[in-house]
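What follows is one structure encoded as structure tokens, with my remarks underneath.
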Protein chains: 2
Amino acid sequence: MAIDRPSASAGNPAPARPLRRDAQRNREALLTAARSCFAEQGMEAPLEQVAKRAGVAIGTLYRHFPTRLDLVQATFAKKLALWREAAEKAVTMDDAWAGLCHFLETMCELQSQDRGFNDLASMRLPESACLAGAQTRIRELGVHIVARAQEQGSLRPDLTPEDLAFVIWSHSRVTEATHAIAPDAWRRHLYLLLDGFRTDRAHPLPAPPLTEEQLYRAMTSLGGNGACGA
Amino acid sequence: MAIDRPSASAGNPAPARPLRRDAQRNREALLTAARSCFAEQGMEAPLEQVAKRAGVAIGTLYRHFPTRLDLVQATFAKKLALWREAAEKAVTMDDAWAGLCHFLETMCELQSQDRGFNDLASMRLPESACLAGAQTRIRELGVHIVARAQEQGSLRPDLTPEDLAFVIWSHSRVTEATHAIAPDAWRRHLYLLLDGFRTDRAHPLPAPPLTEEQLYRAMTSLGGNGACGA
DNA sequence: AGAGAATATGAGGCACCCCTCCGGTTGATA
DNA sequence: TATCAACCGGAGGGGTGCCTCATATTCTCT
């Protein structure tokens with residue numbers, strides 16, 4: 001499993017002299033290529049294809065990113081930050097329901113534009129990953145987003161923060177199926193689901209919410225074989 | 001692409017003399033093995049593993065099922081029939097909303113028990129497939145199920161039969177993520193979504209429904225590389 | 001029991017992807 | 001411009017899975 005090999009993200013106090021110019025160029029070409037490969041094919045896109053698209057040999061890719069996880073993290077740092085910003089903003093919005101919608105809609109939009117981000121959102125990175133902190137922060141914010149909307153009475157009280165994972169997962173396949181055919185169809189699905197979240201429509205639910213521990217394990221189990229799941 | 005090879009499901013007036021006893025035995029062992037492999041790993045489970053689990057050489061598998069699609073169809077005929085029966089029953093139930101729930105709940109249950117069925121439900125088999133007829137029939141019934149519930153006023157009027165695909169797709173990943181950790185969690189997700197389907201105080205949806213053609217293409221596009229999608 | 005058709009076997013060719021390693025190349029520095 | 005560490009290329013070994021085909025086996029029928 002990739003995770004056991006030396007990884008650029010491991011404890012690395014790196015005095016980090018600046019990269020040589022060719023190395024810098026290659027690194028950026030690799031990131032650009034990775035962005036497009038991952039966006040099209042998900043986080044398990046063949047690395048050889050990333051290298052080819054970057055116009056670089058496979059060995060070069062491995063020199064820069066010893067682990068698939070390293071490449072994934074470098075590739076998605078910005079998009080993860082966007083997601084996190086949406087969450088930070090959501091908790092500051094006066095209308096908590098609008099905040100919830102903003103949070104989920106931004107997330108779904110990011111997912112729908114990028115199959116790799118779709119994968120990333122659906123699963124949990126290993127503890128060691130430097131992006132794991134952002135994921136954790138987003139979950140914390142999710143707790144507040146849910147709580148505020150419930151205090152204001154707009155979100156059904158029997159919903160837990162863990163239920164937000166349902167949005168990620170369910171949206172994940174919907175957008176995968178429709179994005180090439182009807183790129184906006186996912187909004188319809190999201191709003192149907194959101195209508196089910198409203199207080200005034202709530203009917204008793206037939207199963208208890210996931211516990212935090214269960215959610216953790218569920219996200220870890222996804223993408224178990226090929227990619228970055230621990 | 002597998003579909004171009006000679007397939008047992010093609011126009012086959014087959015006088016079909018009965019199988020030799022060993023052949024019969026192997027065929028059944030293969031189907032049993034396929035059921036468990038597909039249930040665990042989805043429709044793209046390695047055929048070599050199916051053969052091994054059946055205690056049979058890979059060549060034997062190909063003799064019985066020249067195409068992956070042939071094996072898939074033989075494996076899932078019964079479960080598809082169960083799904084179809086649920087649909088047939090749903091349209092006869094007095095309470096159309098209960099019928100809708102029965103239909104969707106049965107479908108989701110089948111999906112949650114079997115990753116292969118999960119795949120099968122999410123995508124469209126090629127025209128040539130002998131199970132394609134059942135899929136078509138189920139869609140027809142879906143139209144009636146939706147119409148009846150709308151006539152009775154329980155289902156929101158802006159919902160179309162194509163929207164039922166959202167249930168399949170969204171459930172698909174939810175159950176994939178949770179089935180090993182909380183095997184009943186999918187019911188919670190389904191009921192949240194169903195609450196969004198109810199008539200009372202439905203909110204406007206931000207995107208038009210899929211057309212029939214779009215739905216067809218979306219289901220065809222899923223699982224595009226490895227398996228049975230045309 | 002013997003013959004012949006039906007069936008089973010599994011090695012092997014192909015394609016894909018992973019990752020490593022070392023000889024050749026290039027950019028920074030003096 | 002000479003030096004050398006840093007960097008790059010890409011062949012190649014390992015693994016998996018697909019599917020075919022020549023050969024060996026087994027059933028069935030007389």
Side-chain angles (χ1 to χ4, degrees), chain A residues 1-8 14-31 33-34 37-38 40-72 223-229, chain B residues 1-8 14-31 33-34 37-38 40-72 223-229:
Chain A
M1 194 121 282
I3 307 306
D4 299 316
R5 268 177 303 112
S7 153
R17 104 178 45 188
L19 285 177
R20 241 168 61 175
R21 215 190 283 114
D22 54 345
Q24 180 64 36
R25 211 178 335 120
N26 285 339
R27 188 188 162 85
E28 257 144 42
L30 281 166
L31 284 174
C37 284
F38 288 153
E40 287 165 23
Q41 313 179 40
M43 281 190 352
E44 309 195 8
L47 296 185
E48 307 208 292
Q49 186 179 321
V50 173
K52 179 176 294 181
R53 202 173 286 193
V56 135
I58 185 66
T60 304
L61 184 151
Y62 279 99
R63 156 169 279 273
H64 286 274
F65 306 101
T67 275
R68 177 175 224 108
L69 180 57
D70 293 318
L71 180 57
V72 163
N225 45 5
C228 300
Chain B
M1 190 123 285
I3 308 306
D4 298 318
R5 270 178 303 111
S7 154
R17 102 176 51 185
L19 285 176
R20 237 166 65 175
R21 214 188 281 114
D22 56 343
Q24 182 62 35
R25 210 177 337 116
N26 284 340
R27 188 188 163 85
E28 257 143 42
L30 281 166
L31 285 174
C37 285
F38 289 152
E40 286 165 23
Q41 315 179 40
M43 280 191 348
E44 309 195 7
L47 296 186
E48 308 209 289
Q49 187 179 321
V50 174
K52 180 177 293 178
R53 202 173 286 194
V56 135
I58 184 66
T60 303
L61 185 152
Y62 278 98
R63 156 170 277 272
H64 284 274
F65 305 101
T67 276
R68 179 177 222 106
L69 180 57
D70 293 318
L71 180 57
V72 164
N225 46 4
C228 300

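Each chain gets a letter, A, B and so on, in the order the sequences are listed, and its residues count up from 1.
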Exercise for the section: Please work out which residues in residues 45-57 of chain A have a non-hydrogen atom less than 4.0 Å from an atom of DNA chain C and list them by number. Expected result: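 A:Pro46, A:Leu47, A:Glu48 - these, ordered by number, are the residues of the stretch whose heavy atoms sit under 4.0 Å from the strand.
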**Message:** Once side-chain hydrogen bond (donor to acceptor under 3.5 Å, both in side chains) is applied, do any residues pair with B:Arg21, and if so which ones, sequence neighbours excluded?
**Reply:**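 In terms of side-chain hydrogen bond (donor to acceptor under 3.5 Å, both in side chains), with neighbours along the sequence ignored, B:Arg21 is linked to no residue.
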### Task
Identify, with sequence neighbours excluded, every residue that meets side-chain hydrogen bond (donor to acceptor under 3.5 Å, both in side chains) alongside B:Gln41.
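Checked B:Gln41 against side-chain hydrogen bond (donor to acceptor under 3.5 Å, both in side chains); matches are B:Gln49.
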* Distance from B:Leu47 atom CG to B:Phe65 atom CZ, nearest 0.5 Å? ->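 Going from the CG atom of B:Leu47 to the CZ atom of B:Phe65 covers 10.5 Å.
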For atom [atom1] of [X] and atom [atom2] of [N], their distance in whole Å:
X	N	atom1	atom2	answer
B:Arg68	D:dT20	CZ	C1'	17 Å
B:Ile58	D:dC19	CD1	P	9 Å
A:Leu61	C:dT20	CG	P	12 Å
B:Met43	D:dG17	CE	C1'	17 Å
A:Arg63	C:dT25	CZ	P	17 Å
B:Phe65	C:dT7	CZ	P	13 Å

### Message
Can you give me the closest heavy-atom contact between B:Ala45 and B:Cys37, atom names plus distance?
### Response
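Of all heavy-atom pairs spanning B:Ala45 and B:Cys37, the closest is CB-O, 3.9 Å.
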Can you name the residues that form a side-chain contact (heavy atoms from CB on, under 4.5 Å) with B:Ala29, not counting sequence neighbours?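 B:Ala54.
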| query | Which residues satisfy the side-chain contact (heavy atoms from CB on, under 4.5 Å) test with B:Ala34, sequence neighbours excluded? | reply |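 Scan of B:Ala34 (side-chain contact (heavy atoms from CB on, under 4.5 Å), adjacent residues dropped) gives B:Phe38, B:Val50, B:Leu71, B:Thr75.
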Who are the salt bridge (Lys or Arg N to Asp or Glu O under 4.0 Å) partners of A:Arg20, not counting sequence neighbours?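 A:Asp22.
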Which residues pass the salt bridge (Lys or Arg N to Asp or Glu O under 4.0 Å) test with B:Glu40, not counting sequence neighbours?
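For B:Glu40, the residues satisfying salt bridge (Lys or Arg N to Asp or Glu O under 4.0 Å) (neighbours in sequence not counted) are B:Arg53.
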- Query: Taking only N and O in the side chain of A:His64, is any of them less than 4.0 Å away from OP1 or OP2 of D:dC8?
  - Reply: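 Indeed, a polar side-chain atom of A:His64 lies that close.
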Note to self: Please give me every residue in residues 19-30 of chain A whose heavy atoms get under 4.0 Å of an atom in DNA chain D, ordered by residue number.
What the structure shows: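 A:Leu19, A:Arg20, A:Asp22, A:Ala23, A:Asn26, in order of number.
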Q) Taking A:Asn26 as the fixed residue, which of A:Leu31, A:Val56, A:Leu61, A:Leu19 is the one that meets the side-chain contact (heavy atoms from CB on, under 4.5 Å) rule? A)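 Option passing the side-chain contact (heavy atoms from CB on, under 4.5 Å) with A:Asn26: A:Val56.
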- Query: Of B:Gly59 and A:Gly59, whose closest DNA chain D nucleotide lies nearer the 5' terminus?
  - Reply: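 Closer to the 5' end of DNA chain D: A:Gly59.
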